[in-house]
Amino acid sequence: MKKEIHIAQVIVNNNSLQTDKIFDYKIPEGLQNTLQRGMRVIVPFGMGNKKLEAYIMNIKREEKIEYKLKELLYPIDDEPIINEKQIRLIVWLKNKYMCKYIEAIQCVLPTGIVNKEKKTICLLEEDWATKCYKNSKNQVELLKLLEDLGGKATLEKLYSRLSTNNINNTLKLLEEKEFIKIDYEISSRVKIQTQQYVQLTIEKKEIETIINTLKNAKRQREILLFLKEHRECPVKELLDLLKANRASLNALVSKGYVTISEREYKRDPFKNLEFKNFPKLNPNIEQKEIIDEIKPYIHKEEPKTFLLHGVTGSGKTEIYLQLIEEVLNKGKQGIVLVPEIALTPQTIERFYGRFGEGIAVLHSNLSEGERFDEWRRIVEGKVNIVVGARSAIFAPFNKLGMIIIDEEHESTYKSDHHPKYHAAEVAAFRSREEGAIVVLGSATPSLETYYRGEKGEVLLHTLAKRATASTLPEVEVIDMRQELDHGNTEILSEKLFSLIKENLDRKKQIILFLNRRGYATFVSCKQCGYVVKCTHCDITMTYHKNMKNLQCHYCGEKREEPKLCPSCGGTHIRYNGMGTQKIEKIIEGYFPNAVIGRMDMDSTSVKGSHQRILESFKNGEIDILVGTQMISKGLDFPNVTLVGVISADASLNLPDFRASEKTFQLVTQVAGRAGRGSEKGKVVIQTYNPQHYSILAASQHDYDSFYKEELPIRKEYFYPPFVQLININFIGKKEEEVYTVSKKIANNIKYILKSKGYNKYDEIVFGPNPTIIAKVNEKYRYQLLLKDIDVPYRFLKSILKYLLMENRQKFVPASISLSIDIDPLYTMGI
DNA sequence: AGCACGCCGACT
DNA sequence: GTCGGCGTGCTC
């Protein structure tokens, strides 16, 4: 038998497009029997033979090789950390989302497992001072520094102590003279997270007297008072919460009233949960029918997707639980995805309450160590159910039987960094590969999913009744145009104002909702409600204040700022741009005695502040809660009897094809927050578009009629589910360059399409246009939007692969970075 | 991404 | 001979 050469085909852990390919390494004789696919090894890479971590994707044997091959060095793992299914998943992710191998690998592995190399420099020549040229200033400086650092230092360390940013030449010269030696070391990135805590060192009784001594130190008094209540608190949270300065705290430390200690920071995901037993319920007829219909598919082990379409409270969770039970009985495993772990402790509580042990939780709030621990438990087979957010879809189960995606329509299931995967897409892939079923649940399914349901690709089940007795709230749509006619130019309609007053008087709680995120402003007429739209795109035009014009961000059409309403000739042109902060101020003015809380991205940036606001709302400390879409999800407060949607138009008029769908979902979800207790709730929706189908349908809790209105529009204007979209962002510091490069790419794509006989290239390629926030962090962004109109989707993608992946250096300068979004949820960043 | 290599201009 | 800057091209 001929002697064969064993070759490992690896992906190196180097986050660069140019190294994003398979590299072949010879396997040393001693390792030929131990190395397997999915193991990590250290390879010598590049001219300097820098040691890099690499992942074995494949092992092959060849009799001879006609190209140069290096030998890999040594393995990191003694068994594969990536299994065969995951390798297939990695390849699929790369092809589907056009990402790098390493990015796909990072999806499948918990963060922190990936090691990083370090370059260390050792001093060899102790007598360097006499042997060195007098005038080589840099060399002397470096050697001196190295000596000061004990003759050994990492490259990072050297740079941190030097002012220059390039010592490579100097190092090279010194290495040639054998004054120094350069080593590469791999260091594992295991770090214990610590957090600073403040603690009181004095008795509570003493506080009052001490406070009197702090006459001029308002913040210090506040801190002490806060600590009197809470005893201890993480430093960062305390300062953020009280808007206090570190100096105030330091003053207290130096006076000896408080101490600060460093503690290992490990968040216990179950800290605040009560694990009451959650007994199995008898399903009602509706639930039973659905369970009985899905169960056989669990046993058939064939890929199948189901959609449970039912309002909140219609008993979806019980169906999930009973299906999971069936999966467990069969010896299989299940993944349960929820849109945001922070908002859905109930879900976890229920799964724990029903199944007890054998549950893991995966989400981004876990510390690296914790995440790693949970991941290990799954790999070791100690866990049968994983509950988690988006990334939990990659749970390394071996006997996957079912994937549940609750609130399927939520945009949190779409990843916002590369690869920009959608959890439901990954679920579908795993379902096909591993013979698992997928169960999607939503009261307001995404249009795409419902469409697939109609076509039979997804098995659709509707839960019409509410499982509990509470009834859906009464919804009233207020026409803000009429308010104007009556002379009310305020932000609140008379109706909503009087209802707030009445509910406050009755000591009931109120939620006011305004979805204002992003910077999109639109232009409308106060008298007739007309909104300026692009003639080609059915998309609202965006007001650019600096240029004083209107632009369509889809096709780039520009228009003069209108002086008069193009529809009715009125003079009350409105530049819309109301946000939650402004609302808060206004409401404060109206109701000075009410306690108002605000919940949006700004007020919840601190960890835990989310819960804190909700907690005080729950305890009745807040009368009116003002918030963005954050308050639309899953909150259950029985004392809330009034929900006001300040302006349903904010999301309706966003320049995005999904604006109507988003509005429908939001209004429906928000409306569901009212009347969850014994008293029937009331919902008021303020709008300038009272006749708009998404608002009408939402006010009647009527998904079907929304769907029937929206679908033809998607068809007519070529949007999903009728076409597939690809969104490419070009990002760079010089606007001119970003534009010309993206323009060049657009022309290249069109040229290739044209040459292959696809003549709708002008409809396939949109742009380049500036993105809705055209400048972020001093960088300009332009986007290209592609639609697969009369062209095979695969071909369109192969063009992009050619231009932007395989030959990117030729077409895109290094100064411009790219972001490719396959099947973007939003094209305009809602 | 690193890193080397080549080329240039400047300073000593 | 030394030093720093910058563009280009390669990594099995």
Side-chain angles (χ1 to χ4, degrees), chain A residues 4-28 31 35 37 39-62 64-74 99-103 105-106 114-121 128 131-143 154-156 158-159 162-177 179-187 189 418 733 737 805-818:
Chain A
E4 288 177 318
I5 300 157
H6 293 236
I7 296 165
Q9 302 193 285
V10 305
I11 301 297
V12 290
N13 183 13
N14 189 353
N15 193 18
S16 158
L17 196 77
Q18 281 130 76
T19 52
D20 179 50
K21 51 184 165 189
I22 301 270
F23 288 93
D24 288 358
Y25 280 89
K26 211 154 94 183
I27 301 176
L31 288 173
L35 288 187
R37 279 153 68 100
M39 282 184 179
R40 290 176 302 168
V41 290
I42 297 295
V43 298
F45 193 74
M47 289 172 242
N49 281 334
K50 197 174 116 148
K51 286 176 189 170
L52 272 189
E53 187 184 273
Y55 298 80
I56 302 180
M57 288 291 114
N58 196 23
I59 290 175
K60 62 174 184 180
R61 291 170 193 200
E62 255 160 46
K64 59 172 190 207
I65 32 171
E66 55 282 333
Y67 48 94
K68 55 169 180 167
L69 265 196
K70 284 185 193 172
E71 216 169 54
L72 62 83
L73 296 172
Y74 55 89
C99 66
K100 289 170 237 169
Y101 274 113
I102 199 70
E103 288 169 330
I105 289 171
Q106 272 156 6
V114 181
N115 292 341
K116 276 220 152 177
E117 42 70 46
K118 264 189 190 154
K119 196 175 182 176
T120 52
I121 292 96
W128 56 271
K131 292 185 180 177
C132 212
Y133 292 106
K134 270 169 261 152
N135 55 353
S136 52
K137 196 182 75 211
N138 292 12
Q139 296 180 18
V140 172
E141 191 189 1
L142 198 105
L143 288 166
T154 62
L155 196 62
E156 272 173 52
L158 291 177
Y159 273 121
L162 292 165
S163 53
T164 48
N165 59 4
N166 187 2
I167 55 172
N168 286 332
N169 278 342
T170 317
L171 285 175
K172 204 178 77 184
L173 290 168
L174 286 174
E175 200 181 16
E176 276 167 15
K177 287 189 240 174
F179 282 12
I180 59 163
K181 187 162 122 333
I182 300 171
D183 271 334
Y184 298 93
E185 272 181 19
I186 307 279
S187 71
R189 191 176 63 151
H418 290 112
K733 283 193 174 157
E737 192 193 24
M805 304 298 281
E806 288 153 7
N807 301 291
R808 188 183 293 193
Q809 311 104 289
K810 269 190 228 162
F811 298 102
V812 184
S815 52
I816 288 181
S817 53
L818 284 186

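Below, read A as the first sequence line, B as the second, and so on, with proteins coming before strands; counting in each chain starts at 1.
One atom, CG of Leu142(A), and another, P of dT2(C), lie 16 Å apart when rounded to the nearest Å. Separating the CZ atom of Arg808(A) from the C1' atom of dA1(B) is a distance of 13 Å, rounded to the nearest angstrom. Rounded to a whole Å, the CG atom of Asn15(A) is 20 Å from the P atom of dT11(C). Residue Asn807(A) contributes atom CG, which lies 17 Å from atom P of dT8(C) at whole-angstrom precision. When the C1' atom of dA1(B) is taken as reference, atom CE of Met47(A) falls 13 Å away, rounded to whole Å. If you take CG of Asn13(A) and C1' of dG2(B), they are 13 Å apart, rounded to a whole angstrom. For the pair Asn49(A) CG and dA1(B) P, the interatomic distance rounds to 21 Å; values are reported in whole Å. Rounded to whole Å, the distance from CD on Gln809(A) to C1' on dT11(C) is 12 Å.
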> Would Phe45(A) and Phe23(A) count as a ring pair (Phe, Tyr, Trp, His ring centres under 6.0 Å) if you check the C-alpha gap in whole Å, the side-chain angles of each, and the deciding distance to 0.1 Å?
Replying inline: CA-CA 10 Å; Phe45(A) 193 74; Phe23(A) 288 93; 5.1 Å; yes
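Looking at heavy-atom distances under 4.0 Å, Tyr25(A) makes contact with sugar-phosphate atoms alone, never a base. Among the atoms of the strands shown, base atoms are found under 4.0 Å from some heavy atom of Gln18(A).
Within the 4.0 Å cut-off from OP1 or OP2 of dT11(C), at least one side-chain nitrogen or oxygen of Lys68(A) is found.
Set against dA1(B), dC3(B), dT11(C), the side chain of Lys21(A) has dT11(C) as its closest nucleotide.
Every pair passing salt bridge (charged side-chain N to carboxylate O under 4.0 Å, His left out) that includes a residue from residues 11-22 of chain A is listed here, sequence neighbours excluded: Asp20(A)-Lys94(A).
Not a single donor-acceptor pair under 3.5 Å links the side chain of Tyr55(A) to the backbone N or O of Ile102(A).
Listed by chain and number, the residues in a salt bridge (charged side-chain N to carboxylate O under 4.0 Å, His left out) with Lys60(A) are Asp24(A), Glu62(A) (sequence neighbours excluded).
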